[in-house]
Every structure is written in structure tokens, then in C-alpha cells.
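Heads up: numbering here begins at 1 and tracks the sequence.
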Amino acid sequence: MKAIVRGPQVADWALSHGLGAMTTSQVASLLGVPADQVRQRLASPLRRGEWVTPARGLWVPVRAEHRAAGGPPGVELIDDLAAHLGFGYYVGWLSAAARYGAAHHAPQVFQVATSTTVPDRDVGRVRMRFHRRSRVGQVPTIPVRTYGGDVPHSTPAVTALDVATDLALAGGLDNAANVIIDLVAEAGVDPADVADVSGWFPIASARRVGWLIETFVGPAGLDPLRAAARLDVPPSLLHPAYPRRGPTDSRWALCLNTKADPDT
């Protein structure tokens, strides 16, 4: 087996030839060594941040501008990782909201909805957090162009419902309110679009989105979402982790068991 490139130069060589993520066997072919010697040969480049290995058998060369951070951003890793491990996904929650200008602060983790259980992992400074959801592959997504290709992100309407469903992943009720307000202001979320995709989510999610929009943005155009919120069934909780107490908003069949205090 003849080497194509020496170990210390292989990351830059791969990047200059348009090669992104590679398997161990592909790297072995470049180095001209058996597969079981790849990790040893790339030990020094790995320590220098020239490579990351987000999964066993997957090697990703790191562009020079990302080496000080220990690796590329999560959005540049996720598609290759998903293909390597064989799961469906979309980028969601605060990571998707940030793409739409609807996150007040840079997300501390990279949040991904997956079709199967995937262990969390840290790659360089990127904290990748995976959440199995049955709606993956069903709800609409938007492709976002990245260095490595198109990466599916939840649409603004799906993002609003995701954060309303999983308040803990959204940083709490107040931050979920901030995100939903900003999705309306920055991404132009239409309540009718939220209503169209609400069937993949609990009824409580549509109710929370509707109540938050009406309370902090205004009542215009909410009739389709109110219809989707199924006001004929028992009230939901504004915050699912708190006891059922306090008044009920009959317009949204929502027990106001806490207060929402976004940065309005």
C-alpha cells in the first residue's frame, strides 16, 4: 500500500482536495498504512486540532480557522455524523432559533432532534445534545447551506412549537417566550403556519404558542391557531413542571400556573 500523503500534512491535503469526513479505511488509504495504525499516525495532528473524531471510525479534517476552538461548529459536523451513524435528524430548538435571529444569547449547546437514540458528545468546544423525537422525518424543515452541505433545520413554525413543547430545552418559559416573540418579529412566523404543523405536537404546545403571541405580540391572525388548539378538551398547563393552580385562560384553555416574563 503506497502512501498518497504523509501524516502531518494529511488534513490540509484532504481539505485542499475537497475531502471532508472520512472513514478510518479511507484515511488509511491516504497514509498507506493498515487501518489499525491510523490513530497512532494521526495522534500528533489530532492533538494539534487538525482532526476531530466525532464517532468511532469517523475522521473530520479541521479548517485552520477552527483549530483553536478544537473543531468546527456543530452545524458542519452533524450531517456527516448522521450519515456515518445512520440516523435522521434536524437542527432544532435554540440552535434553529439562532439561525432565524430569534435567540437573545448564543446557544450553549448544539441541539438536534433525532430519529433514534444518539448519545450526547462533545467535539472540541461543541456540546452536541441529541433528543429522540418521533416527528423527525415528518415535520417540515429548511435546508441551511453550510461549508459541508445543506443541513435541515426546523422551520420557524416548527421551532416555535418545539420550544413551547420542551421548555427545559428552551431555557425555561421566559426564554421560550423570548424566542417565540422573536420568531414572529424576525422570521415572520404566521400563526396559520403553526396551526398547520401543530398536529405533530401536544395540544398544549399550540396553546402555549397562541397564548404567548396574543399576550406579548398581539391578537391578529390567531383564529387558525386557536382552532388547532382544541379548546373543547380540558385545559393544559402553561408550565408543565408546575402544579395545576391559578386562573384558566378560556381563550386558550390554558391554566396560568405561573407568570411569563420575557425581555419585552
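Connection of L167 to I203 is not established within any shared hydrophobic cluster, with ILVMFWY side chains joined at heavy-atom distances below 4.5 Å, either directly or through further cluster members. Neither L15 nor L31 shares a network with the other; the hydrophobic side chains, linked directly or stepwise wherever heavy atoms of I, L, V, M, F, W or Y lie under 4.5 Å apart, form separate groups for each. Note: the hydrophobic cluster containing F87 also contains V60 (ILVMFWY, side chain heavy atoms under 4.5 Å, direct or indirect links). Side-chain heavy atoms closer than 4.5 Å link hydrophobic residues (I, L, V, M, F, W, Y) into clusters, and following such links, even through other members, never connects V52 to M22. The same ILVMFWY cluster, assembled from side-chain heavy atoms under 4.5 Å apart, contains both W200 and L225.
Applying the side-chain contact (heavy atoms from CB on, under 4.5 Å) test to S25 and every residue at least two apart in sequence or in another chain returns T23.
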Inset, instruction - Mind running side-chain contact (heavy atoms from CB on, under 4.5 Å) on H153 and V75 for me, showing each step along the way? - result: CA-CA 10 Å; H153 285 58; V75 73; 3.8 Å; yes
* To do: Would you sort out whether V38 and R41 count as a side-chain contact (heavy atoms from CB on, under 4.5 Å), showing the intermediate values?
  => CA-CA 5 Å; V38 166; R41 292 296 183 95; 5.8 Å; no
- Item | Test log, rule side-chain contact (heavy atoms from CB on, under 4.5 Å), inputs V10 and L42 | CA-CA 9 Å; V10 68; L42 293 188; 3.6 Å; yes
Next on the checklist: Checking V136 against T114 for the side-chain contact (heavy atoms from CB on, under 4.5 Å) test, could you report, in this order, the C-alpha distance in whole Å, the side-chain angles of both residues, the deciding distance, and whether it holds?
Outcome noted: CA-CA 6 Å; V136 173; T114 60; 5.5 Å; no
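Looking at P61 and L19, their side chains never come closer than 4.5 Å, going by heavy atoms from C-beta outward. The shortest side-chain heavy-atom distance between V197 and R135 does not fall under the 4.5 Å cut-off. Using a 4.5 Å heavy-atom cutoff, the side chains of F201 and R133 are not in contact. Here the side chains of C255 and Y242 are not in contact, with every heavy-atom distance at 4.5 Å or above. The shortest distance between side-chain heavy atoms of T141 and V158 does not fall below 4.5 Å. Looking at V118 and L81, their side chains never come closer than 4.5 Å, going by heavy atoms from C-beta outward. E186 places none of its side-chain heavy atoms less than 4.5 Å from the side chain of P156. A 4.5 Å side-chain heavy-atom check between I142 and R99 finds every atom pair outside the cut-off.
Nearest heavy-atom pair across V62 and P72 is CG2-CD, 3.9 Å. Across all their heavy atoms, S154 and Y100 have their closest contact at O-OH, 2.6 Å. Of all heavy-atom pairs spanning V91 and A96, the tightest one is O-CB, 3.6 Å. Annotation for F216 and A260: closest pair CZ-O, 3.5 Å, computed over non-hydrogen atoms. In terms of heavy atoms, Q111 sits closest to L94 at OE1-N, 2.8 Å. Nearest heavy-atom pair, P191 versus A220, reported as atom, atom and distance to 0.1 Å: CG-O, 4.5 Å.
A donor-acceptor contact shorter than 3.5 Å links the side chain of R207 to the backbone of R230. Of the possible donor and acceptor atoms, one in the side chain of N257 sits under 3.5 Å from a partner among the backbone N and O of P243. For H84 (side chain) and D80 (main-chain N/O), no donor-acceptor pair under 3.5 Å exists by modelled atom type. Judged by distance alone, the side chain of D79 and the main-chain N or O of V151 form no donor-acceptor pair under 3.5 Å. In this structure, the side chain of H239 does not engage the main chain of L237 through any donor-acceptor pair within 3.5 Å.
Sequence neighbours left out, the pairs with a member in residues 115-126 that pass side chain to side chain donor-acceptor pair (under 3.5 Å) are D122-R129.
Once rounded to the nearest 0.5 Å, the distance linking CD1 of I181 with CG of D263 reads 8.5 Å. Separating the CG atom in L58 from the OG1 atom in T53 is a distance of 8.0 Å, to the nearest 0.5 Å. Between the CD1 atom of I78 and the OH atom of Y89 there is a distance of 6.0 Å, given to the nearest 0.5 Å. Atom CZ of R208 is separated from atom CG of L238 by 7.0 Å, given to the nearest 0.5 angstrom. Here the CG-CH2 distance, from L46 to W59, works out to 5.5 Å after rounding to the nearest 0.5 Å. For the atom pair OG1 of T146 and CG of D150, the computed distance is 7.5 Å after rounding to the nearest 0.5 Å.
A salt bridge is absent between R251 and D249; no separation between the charged side-chain nitrogens and carboxylate oxygens falls under 4.0 Å.
By the 6.0 Å contact criterion, CD on E65 is enclosed, its count of non-hydrogen atoms from other residues, nucleotides or ligands being greater than 12. The neighbour count for R245 CZ, taken as heavy atoms of other residues, nucleotides or ligands under 6.0 Å away, does not exceed 12.
Evaluated for a salt bridge (Lys or Arg N to Asp or Glu O under 4.0 Å) with D12, the options R67, R63, R48 yield exactly one hit, R67. Each of Y90, F110, W93 was scored for a ring-ring contact (aromatic ring centres under 6.0 Å, His included) with H131, with one residue passing: W93.
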